[in-house]
Amino acid sequence: MSDIKLSECDSTPEENLIIPPGNALVADRNFINLDWSQREQPGLTFRNCTIADSNFTAANLNGLRFENCSVFNTNFEKADIQDGVFEDCTFYEKNHQQGCNFSLADLRRTEFHRCNISMSNFKRANVFQITINDSRAQGSNFQFANFVHIVSRSTLFSAAQLTKTDFRYSNFEGVYLQKCDLSESKFVAVIFTRANLEEADLTNTDFAPNEYDGLSLFKADLRNAEIRNIDVRKLNFSGVKIFEWQQAAFIENLGIITYPDKT
């Protein structure tokens, strides 16, 4: 079915939005206090819209698309947003330093490209195969977010692309990101307590966590990463990949003083 354009640009924020049956395009509109809790509205696209102080709790929004939208102080808790795509959007309200709430949401296969999701809450959300690329996510909470698909009692695997994104001050406590692509991102002053980054691609990252008790980096690829603020004696670096130029930082961290060979 072809997209349905509902209206042209509105100067005054609206509180109601009625969508015709089928897929629809909502363009150039401003909304405030929308209450779509538990609503069934899959396959919807918002383009050049502003949505503020709204409630999408437990709504079915499968296939949701936001293009060049601003979404402020909005609740997506427990919403089903599988296969969502968000491009060139902001979910961060600068004046109040507040993000949006995606806690317990189903975000499997959802993509964020060139977005600002700073201070947003993804705690315990299902984020298997999520993509966050070329974005800002400062201070976001991914505590116990589920990046894992369980095949059987003994078989599980994780999948995510968290690339080229600024995650500084974010919380990744208890996450399982084994073999995931985290390349070219900034993990400065983050929390990686009890996180599993085994065999993860951390190439070209800025890797300087604040808290990392129980962090596993077994066989992680840290080539060309800027590694700081880590006591290597507290972690198992078995199988970790680095370049030769990175050795000096590790040796210095161990308290070993090196001198040039005599000629």
Does a donor on one side chain sit under 3.5 Å from an acceptor on the other, for E93 and Q98?
->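 Checked: E93/Q98 side chains show no N/O donor-acceptor pair below 3.5 Å.
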
Residues two or more places apart in sequence or in another chain: which of them pass side chain to side chain donor-acceptor pair (under 3.5 Å) with D88?
->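 Per chain and number, D88 pairs via side chain to side chain donor-acceptor pair (under 3.5 Å) with R114.
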
Test side chain to side chain donor-acceptor pair (under 3.5 Å) applied to E40 - qualifying residues, sequence neighbours left out |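 Listed in chain order: N60.
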
Residues sharing I150's hydrophobic cluster, by side-chain heavy-atom contacts under 4.5 Å among ILVMFWY, directly or via others?
->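 Once heavy-atom contacts under 4.5 Å are chained together, I150 belongs with V148, L156, Y176.
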
Hey, does N146 have a side-chain heavy atom less than 4.5 Å from the side chain of F128?
->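 Side chain of F128 against side chain of N146, heavy atoms only: no contact under 4.5 Å found.
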
Give every residue pair that meets the ring pair (Phe, Tyr, Trp, His ring centres under 6.0 Å) criterion with at least one member in residues 49-79, sequence neighbours excluded.
->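 For residues 49-79: W36-F56, F46-F66, F56-F76, F66-F86, F76-F102.
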
May I have all residue pairs that pass ring pair (Phe, Tyr, Trp, His ring centres under 6.0 Å) and include part of residues 198-229, sequence neighbours excluded?
->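 Of all non-adjacent pairs touching residues 198-229, those that pass ring pair (Phe, Tyr, Trp, His ring centres under 6.0 Å) are F192-F207.
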
Counterpart residues, salt bridge (charged side-chain N to carboxylate O under 4.0 Å, His left out), relative to D166 (two or more places apart) =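 Applying salt bridge (charged side-chain N to carboxylate O under 4.0 Å, His left out) to D166 gives R168.
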
Neighbour count >12 (heavy atoms, 6.0 Å) for atom OH, Y169 |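 Check fails, neighbour count at 12 or below.
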
Partner set under side chain to side chain contact (heavy atoms under 4.5 Å, CB included) for [X], not counting sequence neighbours:
| X | answer |
| --- | --- |
| D53 | I32, N33, N73 |
| A225 | T205, L222, I227, Q246 |
| K179 | E199 |
| N133 | H113, T131, T163, K164 |

Which pairs count as side-chain hydrogen bond (donor to acceptor under 3.5 Å, both in side chains) when at least one residue sits in residues 184-196, sequence neighbours excluded?
->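 Found E173-R194.
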
Polar side-chain atom of N95 near backbone of Q97 as donor-acceptor pair, under 3.5 Å =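 Judged by distance alone, no pair lies under 3.5 Å.
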
For residues 234-249, which residue pairs qualify under salt bridge (Lys or Arg N to Asp or Glu O under 4.0 Å), counting only residues two or more places apart or in two chains?
->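 Listed once each, the pairs would be none.
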
